[in-house]
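Have a look at the structure below before the remarks.
Chain A is the first sequence line, chain B the second, and so forth, proteins listed ahead of strands; every chain is numbered from 1.
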Number of protein chains: 2
Amino acid sequence: MTKQNFELNGRIWLEVGGEKMLGHGRVELLERIQASGSIRQAALQMKMSYKQAWDLINHINSHFKKPVVVSQRGGKGGGKAVVTADGLKLIAQFHQLHASFSDFLKQHSGEFDLTNQD
Amino acid sequence: MTKQNFELNGRIWLEVGGEKMLGHGRVELLERIQASGSIRQAALQMKMSYKQAWDLINHINSHFKKPVVVSQRGGKGGGKAVVTADGLKLIAQFHQLHASFSDFLKQHSGEFDLTNQD
DNA sequence: TAGCGTTATGTTTTAAAAAACATAACGATG
DNA sequence: CATCGTTATGTTTTTTAAAACATAACGCTA
């Protein structure tokens, strides 16, 4: 009898109007924007193009009642971006939820089993 | 104060060797194969091409130690396909797990909240 | 006031994924 | 022993998504 080796995995995310809005990747992007004060730097760190990062946060901003990132161009350093209080709240809430989800996956990871008598 | 309307959502799946192997869609495919005795009929029901369905179950079969579907061509009706005992076991185990996951999502769906004093 | 680095946005090109198409093999059955 | 409906598989085309490229706007700062 040889035992099949399984792993349980999954993803969770936040939706607004049925549209995916905030998952693991976008939360990381927000965190890096907050840490660096720059969309460009955050994008570089995550190996995505500036445009891709900008499109993402623009999409989020335009679907929430209040923006999660506010930015300005020109000035010292060329411009900057900061995560709003709401954005920070979302990051924290997502982390908390994701920790519960990780527990869930770990707790149920043994439930797949094809062991039998052969 | 206007409240942002959130929904929590997610997916879970089974992996073998880090590769996604069995999630919601493939489980449904297996069920329809079992119910109809035919890959073609299952594919039609799910509005996918026969090739796509076949590629999926072939991929699964070749990554598990024992196949989840066995099939034969020719003969009465042109051929047939049946889900193995292991396959049926996986379906059942996935359903059980997915029910727990649905509970998880429901229980935590209220954890996102941006309500504040403005 | 020219230059710098970043935000903001549109367009074009490339790559990946999906769909469509085509065809052989098979075995009961009439 | 030809037909039928399905399994099995490869190839081509289309669609979609991602990446690359290009450029304007902006406001400090030297």
Side-chain angles (χ1 to χ4, degrees), chain A residues 11 13 15 18-26 28-64 66-84 86-87, chain B residues 11 13 15 18-26 28-64 66-84 86-87:
Chain A
R11 292 287 134 81
W13 59 84
E15 294 183 1
E19 200 168 353
K20 192 178 293 190
M21 207 49 62
L22 209 70
H24 177 276
R26 294 179 190 188
E28 183 181 347
L29 182 62
L30 287 181
E31 289 176 318
R32 292 185 184 276
I33 289 173
Q34 177 68 358
S36 65
S38 163
I39 296 172
R40 169 163 298 277
Q41 287 309 311
L44 286 176
Q45 290 170 17
M46 294 184 68
K47 293 180 212 288
M48 65 172 74
S49 69
Y50 169 82
K51 179 174 176 46
Q52 193 178 355
W54 186 86
D55 282 347
L56 282 172
I57 71 109
N58 177 251
H59 186 251
I60 299 173
N61 273 347
S62 60
H63 281 76
F64 279 76
K66 299 200 294 186
V68 295
V69 170
V70 291
S71 54
Q72 56 187 10
R73 58 183 169 185
K76 187 173 73 164
K80 64 173 174 175
V82 303
V83 177
T84 64
D86 274 9
Chain B
R11 293 287 133 82
W13 58 85
E15 294 184 1
E19 202 168 350
K20 193 177 293 189
M21 207 48 62
L22 208 71
H24 178 275
R26 294 179 191 189
E28 182 180 347
L29 182 63
L30 288 181
E31 290 176 318
R32 291 185 186 277
I33 288 173
Q34 176 68 359
S36 65
S38 161
I39 296 172
R40 168 163 299 276
Q41 288 309 313
L44 286 176
Q45 289 170 18
M46 294 184 68
K47 293 180 213 285
M48 65 172 77
S49 70
Y50 170 82
K51 180 174 176 44
Q52 192 177 355
W54 185 87
D55 282 347
L56 282 172
I57 73 107
N58 178 253
H59 187 250
I60 299 173
N61 274 346
S62 60
H63 282 77
F64 279 77
K66 299 201 293 186
V68 295
V69 170
V70 292
S71 54
Q72 56 186 9
R73 56 183 172 184
K76 188 174 72 163
K80 62 174 176 174
V82 303
V83 177
T84 65
D86 274 11

Self-check item: Reported CZ-to-CD1 distance for the pair A:R40 and A:I33, which is rounded to 0.5 angstrom
Solution: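 It comes to 12.5 Å.
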Practice problem: Starting at CD of B:Q34, measure out to OG of B:S36 and round the result to the nearest 0.5 Å. | Solution: 9.0 Å
Report yes if some heavy atom in the side chain of [X] is under 4.5 Å from a heavy atom in the side chain of [Y]; otherwise report no.
| X | Y | result |
| --- | --- | --- |
| B:V68 | B:I57 | no |
| A:H59 | A:R26 | yes |
| B:K66 | B:T84 | no |

Self-check item: Distance, rounded to the nearest Å, where A:I33 contributes CD1 and C:dT6 contributes P
Solution: 14 Å
Self-check item: Residue whose closest nucleotide on DNA chain C lies nearer the 5' end, A:G75 versus A:S71
Solution: A:G75
Quiz item: Considering heavy-atom distances to DNA chain C, does A:G74 or B:G78 have its closest nucleotide positioned more toward the 5' end?
Solution: A:G74
Exercise. Name the first nucleotide and the last nucleotide along DNA chain D (5' to 3') that come under 4.0 Å of a heavy atom in chain B.
Key: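 Reading along DNA chain D, I get D:dG5 to D:dT11.
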Quiz prompt | Least distance between heavy atoms, B:W13 atom then B:R11 atom | solution = CZ3-O, 3.8 Å
Quiz prompt | DNA chain D: 5'-proximal contact among B:Q41 and B:W54 (nearest heavy atom) | solution =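 Closer to the 5' end of DNA chain D: B:Q41.
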